[in-house]
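What follows is a short report on a single structure.
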There are 2 protein chains.
Amino acid sequence: MNTSSTRLRSTADERRTGVLPQALRVFAKTGYHATPVSDVATAAGISQGYVIRLFGTKLELFVAVVDACFERIAEALDAGSEHVRGGEPQEVLDAMSDAYVELIADRDLLMLQVHAQSAADIAEVRDAIRRGMARVTQLVSDRSHAAPEQVQRFIAYGQLCHLIVTAELDQIDRPWARTLTQGIRHLEPLTTKAGEEVKS
Amino acid sequence: MNTSSTRLRSTADERRTGVLPQALRVFAKTGYHATPVSDVATAAGISQGYVIRLFGTKLELFVAVVDACFERIAEALDAGSEHVRGGEPQEVLDAMSDAYVELIADRDLLMLQVHAQSAADIAEVRDAIRRGMARVTQLVSDRSHAAPEQVQRFIAYGQLCHLIVTAELDQIDRPWARTLTQGIRHLEPLTTKAGEEVKS
DNA sequence: CACGTATGTAAGTGAACAGTCACTTCCTTA
DNA sequence: TAAGGAAGTGACTGTTCACTTACATACGTG
């Protein structure tokens, strides 16, 4: 066993966990069917054949990516709810909203959910979405102690964000687009507006 | 000119309009990238090469399908709002909700929207979504005279339906799934519940 | 009826892609 | 240090697919 950094090669497990974030980025751009495994391999800096060896099939890779996506979302919601623990339900929901909005500023986690929904006719993908949504919904419910209707609304507006981001409705300066984007402060990553409190 | 039905061949325009509903069905199942043109051709009963000739490229065909999809949605919403014309905003919105839910009982129009969102990195597809959402949003606003917030909510819950249908959450009998599906009476096509008024 | 145009097909083309395989290089440990 | 196993590559394979093209058949019209 060599724990020092002099190794030239990673273990297969290290590779897998290292590949996942890159695969997430690539799949988020073009989705499951339109993304060749070779693109993932290039992004990860390894050969295409080895990516398949690491994950078995492209589908298994994609499912692993979807799981990782929801994992990160759950973590963010969890962290966002931490500093208002025990607050009013709506207060907790708002904190989680802010955390989600902040998290998806780079679009990848959001786009991947859209692509996963589009590929949900594949049973394994549909199951991954179910796992993820179960986790997220339960987390939101448990942390906020909000009524089911409030939780449902929370998720519904999250889905609306998907539409806004995929069609880039925030870049359209028309009444109908403003109707859909109103009150949703999202994207414009890292630009801090004066007077708005920032998570320190 | 021969206007009788003795013709063995359709005009190109007739073919195009005839192919679109079949293409809608096929694309709704597997999405843009995973659907070969040959599948559309088979469904339409013509050769694959001719489908391309009729629409130019697969992309142009898909865009035409997305436009047709929103066309049908707009028609349904329009019709649904007819018999409560001049009613209270929320009343009109509810009527449109019912019309939408009834329309998407066969899933195709809904699934196609999801697939279009997933392919929205293609500029032509993104533009088609924008056209469609502009039309739908304006229609809902104009017919209902509801506040923008209400219209936004209407669309947001429509997007929630997309998630429920793609992941088939209505078939999951767990609290988290019930939280997301509550109050949304959808699918279970054509089963009329006692005591619920039916559009005669 | 003959000629030009539009409808439609079937075979073909070249590129792209998921997965395989033989092989090399590195690492660990007995 | 030798040996076996694990990491990793690159070329290959068979298939699928969008699009093209050469050709055939039907249709309208002078």
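Throughout, protein chains are lettered first and strands after them, A, B, ... in sequence-line order, and every chain is numbered starting at 1.
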Could you list, one pair per line, each protein nitrogen or oxygen that sits under 3.5 Å from a nitrogen or oxygen of nucleotides 24-26 of chain D, together with the distance?
from, atom 1, to, atom 2, distance (Å)
D/dT25, O2, B/Arg9, NH1, 2.6
D/dT25, O2, B/Arg9, NH2, 3.0

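Between B/Arg85 and B/Glu82 a salt bridge is recorded (basic side-chain N to carboxylate O distance below 4.0 Å).
Contacts of A/Ala120 classified as side-chain contact (heavy atoms from CB on, under 4.5 Å), with partners at least two apart in sequence or in another chain: A/Arg126, A/Ile129, B/Thr166. Applying the side-chain contact (heavy atoms from CB on, under 4.5 Å) test to B/Arg16 and every residue at least two apart in sequence or in another chain returns B/Ala12, B/Asp13, B/Leu54, B/Phe55. For B/Gln90, the side-chain contact (heavy atoms from CB on, under 4.5 Å) partners two or more places apart in sequence, or in a different chain, are B/Leu93, B/Asp94, B/Gln150.
When every heavy atom of B/Ala99 is checked against every heavy atom of B/Gly80, the shortest pair comes out as CB-CA, 3.8 Å. Between B/Arg135 and B/Ala74 the shortest heavy-atom distance is NE-CB, 3.6 Å. When every heavy atom of B/Cys69 is checked against every heavy atom of B/Gln113, the shortest pair comes out as SG-CG, 4.2 Å.
The interatomic distance linking B/Glu14 (CD) with C/dA6 (P) rounds to 15 Å, in whole Å. The CZ-C1' distance, from A/Phe62 to C/dC17, rounds to 17 Å in whole Å.
Side-chain contact check for B/Val63 versus B/Arg131: some heavy-atom pair is nearer than 4.5 Å. Within the 4.5 Å cutoff, the side chain of A/Val151 has no heavy atoms near those of the A/Pro148 side chain.
Distance alone, capped at 3.5 Å, is enough to place a donor-acceptor pair between the B/Lys58 side chain and the B/Thr35 backbone.
For D/dA7, neither phosphate oxygen OP1 nor OP2 lies less than 4.0 angstrom from any side-chain nitrogen or oxygen of A/Arg15.
Proximity of residues 43-60 of chain B to DNA chain C (heavy atom under 4.0 angstrom from any strand atom) is restricted to B/Ile46, B/Ser47, B/Tyr50, B/Arg53. A heavy-atom distance below 4.0 Å to DNA chain C is reached by none of the residues of residues 32-42 of chain B.
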